[in-house]
Amino acid sequence: METKDIIERAFQVTPVGKQIAAAFVKAQLAFGPALKSSTNPHFRSKYADLSACVEAVIDALNKNGIALMQKTYECKDGVMVETVFIHESGEVMECGLLHVPASKHDAQGFGSALTYARRYSLQAACGIAPEDDDGNAASKKTTVDSNLMADHLVAIQDAKTSDELKKAYTEAYKACGTDANWQKKIIAAKDEKKASLK
């Protein structure tokens, strides 16, 4: 897609249907935080990866009759992604193109750019931000109450539904602060419980 085509598309306004608009508002009320559960080895910092962003919104979208789709467009120097929401009524909400240049013009470079573009396109379209988005958070020392964390682990194990698990996990992860060891324990407990609920 040429630059002039991208600019023209950016100024096109597609009306949003009433049914998808109402459903999206309800879904957004139930969006969770995009939890920073992955580590960037170069900067030694935590970030919310693509799966964390999808996990934060997909249940709420689906329960309100909305499917999530991310379309890709041809681009010579990188990738272009557009997040699109499709309502069960057939109404569609398109959220605009995001262009991300590829650092290297090989499969790995384009793959990395695609993952990055999908993550940021989804965050922008849904109006979500990574939990604890303070750039200095990693340098702050926090003391974690092990008794409190034990209670959070029990809450995760006692969850009967995916909604209960999501709530227990979100509260437990927040209670970890920047303690990487507790974060790993909470994530492992969530993954184990999630597998047992399927």
Side-chain angles (χ1 to χ4, degrees), residues 1-138 170 173:
M1 190 175 285
E2 299 295 327
T3 303
K4 65 181 181 66
D5 297 325
I6 297 171
I7 294 170
E8 285 176 11
R9 185 181 173 90
F11 283 94
Q12 291 175 352
V13 178
T14 305
V16 176
K18 289 182 179 179
Q19 292 186 69
I20 192 170
F24 189 80
V25 169
K26 289 179 182 176
Q28 197 173 51
L29 288 170
F31 288 169
L35 298 177
K36 294 182 177 181
S37 55
S38 296
T39 304
N40 183 324
H42 300 294
F43 299 103
R44 295 180 182 175
S45 59
K46 290 262 182 202
Y47 71 97
D49 64 10
L50 178 59
S51 64
C53 293
V54 172
E55 189 172 318
V57 300
I58 196 68
D59 286 347
L61 289 170
N62 292 164
K63 284 177 182 176
N64 286 279
I66 302 172
L68 165 66
M69 184 174 73
Q70 291 189 294
K71 296 163 65 175
T72 58
Y73 296 85
E74 184 179 350
C75 181
K76 294 178 182 176
D77 66 337
V79 299
M80 282 195 297
V81 169
E82 180 175 29
T83 296
V84 178
F85 300 108
I86 305 169
H87 190 249
E88 58 192 12
S89 66
E91 293 178 350
V92 175
M93 185 165 65
E94 298 174 326
C95 300
L97 297 174
L98 174 65
H99 171 258
V100 174
S103 57
K104 294 187 291 185
H105 286 197
D106 58 16
Q108 185 177 2
F110 280 98
S112 178
L114 179 61
T115 300
Y116 187 93
R118 288 184 63 198
R119 181 159 51 106
Y120 281 95
S121 175
L122 181 60
Q123 286 181 8
C126 291
I128 61 171
E131 165 268 341
D132 187 19
D133 204 20
D134 176 3
N136 297 318
T170 302
Y173 194 90

Flag, side chain of [X] to backbone of [Y], donor-acceptor distance under 3.5 Å:
| X | Y | result |
| --- | --- | --- |
| Gln70 | Arg118 | yes |
| Glu94 | Val84 | no |
| Asn62 | Ile66 | yes |

Any [X] side-chain heavy atom under 4.5 Å of [Y] side chain:
| X | Y | value |
| --- | --- | --- |
| Tyr116 | Ser103 | no |
| Val54 | Leu122 | yes |
| Ser121 | Gln123 | no |
| Leu61 | Phe24 | yes |
| Val92 | Ile20 | no |

Shortest non-hydrogen contact between [X] and [Y], atoms and distance:
| X | Y | result |
| --- | --- | --- |
| Ala60 | Phe31 | CB-CD2, 3.8 Å |
| Gln28 | Cys126 | NE2-O, 2.7 Å |
| Arg119 | Cys53 | CG-SG, 3.8 Å |
| Ala117 | Val79 | CB-CG2, 3.9 Å |
| Cys95 | Glu82 | N-OE2, 3.8 Å |
| Gly109 | Asp106 | N-OD1, 2.7 Å |

### Task
Report the relative orientation of the aromatic rings in His105 and Phe110; use parallel for angles under 30°, tilted for 30 to 60°, perpendicular for over 60°.
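Ring orientation of His105 relative to Phe110: tilted.
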### Message
Please determine whether side chain to side chain contact (heavy atoms under 4.5 Å, CB included) holds for the pair Met69 and Ile86, giving the CA-CA distance in whole Å, both sets of side-chain angles, and the decisive distance to 0.1 Å.
### Response
CA-CA 8 Å; Met69 184 174 73; Ile86 305 169; 4.0 Å; yes
#### Entry: CE-CD distance between Met80 and Glu74, expressed to the nearest 0.5 angstrom
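Output value for this atom pair is 8.5 Å.
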### Task
Step by step, work out the side chain to side chain donor-acceptor pair (under 3.5 Å) result for His87 and Asn64.
CA-CA 8 Å; His87 190 249; Asn64 286 279; over 6 Å; no
